[in-house]
Amino acid sequence: MGGYGGKILALCRTICVPPHLRPASNETLKKPGLPIKDLDASGMCMYHETYLLQIPLQDQSMRHSPEASAVLKPLPDQISGKSYGGLYRRFVLLTLVCSALPLLLVGWIIYIKYATFSNERMVDYFQRKVEYNRRIIELFVGERTRDLELLGSTHSLDYLREQANLEKIFAAINKGNPYFEDLGVISDRGFHLSYVGPYDLMSCDYSETFWFRGLKQKGIYVSDMFMGYRKVPHFIIALLRNENGRNWIFRATVFTEALNALVESMKLGHSGEIFLLNEQGVYQTNSRSGARVMDTATISMDYFKTESGIRIIEPENLPPPAPPIRQVMAYSWLKEPRWLLVVKQDYDEVFRDVNHANFWTLVFLHVSVLAILIVSIVTTRHMIKVIRRRDEEAEELNRQLLHASKLASVGQLAAGVAHEINNPLAVIMTENQIIRDLGDDMKGLDEEFKEELFDSLARVDSQVERCATITQSLLTYSRRTKSARQTFDLNESVKETLALMNKWAGTSGIAIVTDLEERLPLIDSDRFKLEQVLVNLVGNAVDAHQGMSCGTIRVATRLDSDKRGVEITVADTGIGIPPENLDKIFDPFFSTKPSGKGTGLGLSITLSIVKELGGDITVRSTLGEGSEFRVSLPLESSADHDKNSQPTATDGEDEQNQRACR
């Protein structure tokens, strides 16, 4: 181009014209864009068009640069010079304006609204506390009930009515943690058949008591606290049993002190208290405020109409002698027995930490406004560096995408070539058969010659079948793009895939060995996507031996009975993966291969396919020893995969050609 600072890019196009459409004279060739004319052997007229593009170079130093002739990279000042200076200043200004004002606004809103938030948080805390304690008490009563059920179901009435046997059982269940005060076996008429305990109750008639009547209706009865014949507050658990048509009752009294100790252990703070009430408002446990078992509560039961809740109790709303302070009260009803669990604590103690937090919120707000002035400058500098680095990475990703597109085109071309090879293979097979038929029909043909001829024709058949198998595998692998669920033999699929890759691996001195578990069950999945996963993993394993004269790739299949699935393992003896790269190998476009060798998409696509098929993939690697990829798949595809899968149309022409070749 002389002294012009630029380069010339030539684009050429060839146009083939049949003879009957060819121009009558060469005058047509004088038109711009059709300067050359050729005739091929078939008489086709071939016109060649040439276009010239001038690409100016802004930097004269790049005129003879190999990098400039390959890819037009951004100039240095486009990624690190003055073009980022203005962006830096704007970021600093916008950060100062857009961060200080919102921070002040949000900070004051937080300060004002924090009390409301804290109330909701404490309400939730109290509710969870009371529900947790309710479950503990229900568990305590439930365990005592199940103890009785177990004894009643494992021992007969005749055994339990013997005083010595009942004493032995009573000693056994109270061993370690004594929960039961007494134990008795009662007839269906309300009299003790046997009794173990500190009271003289053998002559007592229980037929008219409230718990006896309730037991007839429920079968299991847990009473409220009551005095009874012993004139001491207690509650009982009774179990109605039937044996050979005879009804009898197994009854136990639970230590009141055990229940009190359990509830008192749930204390909350300095002013908190927890206690139980029945439906009539009678204390079932002692209260920290001084109330005793069987006392009547001063608070109205109208507060507790719902199953659970929380209230703020004002002193003026309570009858005397109410404490002159506000209290937070949460409650929850037990299912069995029907007791009310109440948790109370002074309001000031509950919100002491909240008020403390409000003060430090203001301190933090003003310190943050000061700190943001300093941090904004440092942050902006870092952002500019990140943007510049991302721009450079974007350029690299564009080049990798271009390379990936080229590889896709090569794959399509290979599929097209394989498709076209089928046609001459079909002709060869047909002609081969014709020759064989002629040889059979010809009389007087030398037998030795005829035998050699048929042997040659058989070898031709064998090689054509081999070519047909290879082309069919290429076509099958290339044309399947939609998800196609089917039931197939995993081992057969692995063998077919490795048959395509053995030669390629062998050229690099890599041996592929298989360890396939026999009698694997058929799996219901996408066969062709699974083959793509295997191709990607084996391809990476081959590349992992770069710079090595030989190596081994082991492909194994196993049945995973615990997870109801199968495992495919691809292990190599390559260079391994550095530990710092193990977390990044499945990221898109991440590659440790030399530029132009890989796209960084193989393992990313592999992971996506495995997840889509409902499986998982793990990797183990030791630097210098090799890597092992393990793919776990279910025996049946997931519901999402079934929903997205659909039958794949069969290429009719490919099948016709394959049938002709076979």
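No hydrogens, no waters, no symmetry mates; every other heavy atom, side chains included, goes into these values. Everything numeric in this text was worked out from a predicted model, so none of it was measured.
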For this session: Mind jotting down which residue pairs meet the side chain to side chain donor-acceptor pair (under 3.5 Å) criterion with at least one end in residues 206-216? Sequence neighbours excluded, please.
Result: Asp205-Ser207, Thr209-Trp211

Exercise. Are any non-hydrogen side-chain atoms of Leu334 and Leu276 less than 4.5 angstrom apart?
Worked result: yes

Seminar exercise, completed: So CG of Leu498 and CD of Glu531: to nearest 0.5 Å the spacing works out to 10.0 Å

For this session: For the pair Glu273 (side chain) and Ser289 (backbone), establish whether a donor and an acceptor sit closer than 3.5 Å, ignoring hydrogens and angles.
Result: yes

Problem set entry | Test item: His366 side-chain N/O and Leu362 main-chain N/O as donor-acceptor pair under 3.5 Å | yes

Exercise. Between Leu148 and Leu183, is any pair of side-chain heavy atoms under 4.5 Å apart?
Worked result: yes

For this session: Kindly compute the distance separating CD1 (Ile523) from CG (Leu559), expressed to the nearest 0.5 Å.
Result: 11.5 Å

Problem set entry | Side chains of Trp339 and Asp224 in contact at under 4.5 Å (non-hydrogen atoms) | yes

Exercise. Does CD in Gln217 sit with more than 12 non-hydrogen atoms of other residues, nucleotides or ligands closer than 6.0 Å?
Worked result: no

For this session: Not counting sequence neighbours, which residues clear salt bridge (Lys or Arg N to Asp or Glu O under 4.0 Å) with Asp124? List them please.
Result: Arg128

Problem set entry | Flag side-chain contact, heavy atom, 4.5 Å: Ile137 against Gln284 | no

Exercise. Could you give the distance from CG (Asn536) to CG (Leu607), rounded to the nearest 0.5 Å?
Worked result: 11.5 Å

Exercise. Do Leu603 and Val619 touch side chain to side chain, with heavy atoms closer than 4.5 Å?
Worked result: no

Exercise. Looking just at side-chain N and O atoms, do Ser621 and Ser627 make a donor-acceptor pair shorter than 3.5 Å?
Worked result: yes

Problem set entry | Cationic N near anionic O, under 4.0 Å, Asp572 to Arg554 | no

Problem set entry | Summary of salt bridge (Lys or Arg N to Asp or Glu O under 4.0 Å) pairs that have at least one residue in residues 154-177, sequence neighbours excluded | Asp158-Arg246

Exercise. If you measure from CD on Glu492 to CG on Asp489, what distance do you get to the nearest 0.5 Å?
Worked result: 5.0 Å

Exercise. How far apart are the closest heavy atoms of Gly576 and Pro578, and which atoms are they?
Worked result: O-CD, 4.1 Å

Exercise. Is a side-chain N or O of Asp295 found less than 3.5 angstrom from the main chain of Arg292, in a donor-acceptor match?
Worked result: yes

Problem set entry | Glu612 and Asp526: CA distance, side-chain angles, deciding distance, side chain to side chain contact (heavy atoms under 4.5 Å, CB included) verdict | CA-CA 10 Å; Glu612 179 184 349; Asp526 192 318; 5.8 Å; no

For this session: Show the numbers, then the answer: is there a side chain to side chain contact (heavy atoms under 4.5 Å, CB included) between Thr253 and Arg251?
Result: CA-CA 7 Å; Thr253 302; Arg251 185 190 111 144; 3.9 Å; yes

For this session: List for me each residue that meets side chain to side chain donor-acceptor pair (under 3.5 Å) alongside Arg620, sequence neighbours excluded, and say none if there are none.
Result: Glu628

Exercise. Rounded to the nearest 0.5 Å, what separation is found between the CZ atom of Phe364 and the CZ atom of Phe359?
Worked result: 14.5 Å

Problem set entry | Residues that Asp147 engages under salt bridge (Lys or Arg N to Asp or Glu O under 4.0 Å), provided they are two or more places apart | Arg144

Exercise. Hey, are the side chains of Thr557 and Val566 touching, using non-hydrogen atoms and a 4.5 Å cut-off?
Worked result: no

Exercise. Which pairs count as ring-ring contact (aromatic ring centres under 6.0 Å, His included) when at least one residue sits in residues 608-633, sequence neighbours excluded?
Worked result: none

Problem set entry | Residues Leu530, Leu490; criterion side chain to side chain contact (heavy atoms under 4.5 Å, CB included); working and verdict | CA-CA 9 Å; Leu530 189 56; Leu490 177 62; 3.5 Å; yes

Exercise. Does a side-chain heavy-atom distance below 4.5 Å link Phe226 with Ile236?
Worked result: yes

For this session: Please name the pair of heavy atoms, one in Pro634 and one in Gly614, separated by the smallest distance, quoted to 0.1 Å.
Result: CD-O, 3.5 Å

Problem set entry | Sequence neighbours excluded, every pair satisfying ring-ring contact (aromatic ring centres under 6.0 Å, His included) that has a member inside residues 139-159 | Phe140-Tyr179, His155-Tyr159

For this session: For the pair Ile299 and Val342, evaluate side chain to side chain contact (heavy atoms under 4.5 Å, CB included) and give the outcome as yes or no after the intermediate values.
Result: CA-CA 11 Å; Ile299 189 170; Val342 181; over 6 Å; no

Problem set entry | Over all atoms of both residues, closest heavy-atom pair of Asn278 and Met301 | O-CE, 3.6 Å

Problem set entry | Residues that Thr497 engages under side chain to side chain donor-acceptor pair (under 3.5 Å), provided they are two or more places apart | none

Seminar exercise, completed: Closest heavy-atom pair, Met227 versus Arg230, reported as atoms and distance to 0.1 Å, is O-CG, 3.6 Å

For this session: Taking salt bridge (Lys or Arg N to Asp or Glu O under 4.0 Å) as the test, write out the residues that go with Glu307, two or more places apart.
Result: Arg338

Exercise. Are Leu157 and Leu193 side-chain neighbours, meaning at least one heavy-atom pair lies under 4.5 Å?
Worked result: yes

Exercise. Any side chain to side chain donor-acceptor pair (under 3.5 Å) pairs touching residues 184-202, not counting sequence neighbours?
Worked result: Glu181-Tyr199, Asp182-Tyr195

For this session: Specify the closest pair of heavy atoms between Leu516 and Val555, including all atoms of both residues, with the distance to one decimal.
Result: CD2-O, 4.0 Å

Seminar exercise, completed: salt bridge (Lys or Arg N to Asp or Glu O under 4.0 Å) filter on Glu138, not counting sequence neighbours, yields Arg134

Exercise. Above 12 or not: heavy atoms from other molecules or residues under 6.0 Å from OH of Tyr132?
Worked result: no

Exercise. Parallel under 30°, tilted from 30 to 60°, perpendicular over 60°: which one fits the rings of Phe250 and Trp248?
Worked result: tilted

Seminar exercise, completed: Output for pair (Arg519 CZ, Asn491 CG), nearest 0.5 Å, gives 11.5 Å

For this session: Could you tell me which non-hydrogen atom of Ala541 sits nearest to which non-hydrogen atom of Val570, and how far apart they are?
Result: CB-CG1, 4.4 Å

Exercise. What ring-ring contact (aromatic ring centres under 6.0 Å, His included) pairs are there with at least one residue in residues 252-276, not counting sequence neighbours?
Worked result: Phe275-Tyr283

Problem set entry | Donor-acceptor under 3.5 Å (Thr306 side chain, Ser308 main chain) | yes

